[in-house]
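Some notes on the structure that comes next.
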Amino acid sequence: MPLELGGKAGLFGGAGVGKTVLLTEMIHNMIGRRQGVSIFCGIGERCREGEELYREMKAAGVLSDMVMIFGQMN
């Protein structure tokens, strides 16, 4: 799906449907093509999922160009 420059996107879905994979690709493509900063806000994320996303972004070499914010549901 196309995202306009400076736009927002949200991903909703149950466990194991591929949200992390889509998110990783979106962030990697945005940073790689636009040379901007990506802001990720994970609300209700489990610690394991946040750690996994952090490691994937670090392995992709885009961690220095993004901000990651996590919050609990309660």
Checklist entry - Linking I/L/V/M/F/W/Y whenever any side-chain heavy atoms sit under 4.5 Å apart, do Phe70 and Tyr54 land together? => result yes

Checklist entry - If you round to the nearest 0.5 Å, how far is CG of Leu63 from NZ of Lys58? => result 7.5 Å

Checklist entry - Can you name the side-chain contact (heavy atoms from CB on, under 4.5 Å) partners of Leu22, sequence neighbours left out? => result Leu11

Next on the checklist: Looking at every heavy atom in both Met66 and Phe40, which two are closest together, and how far apart are they?
Outcome noted: CE-CB, 4.1 Å

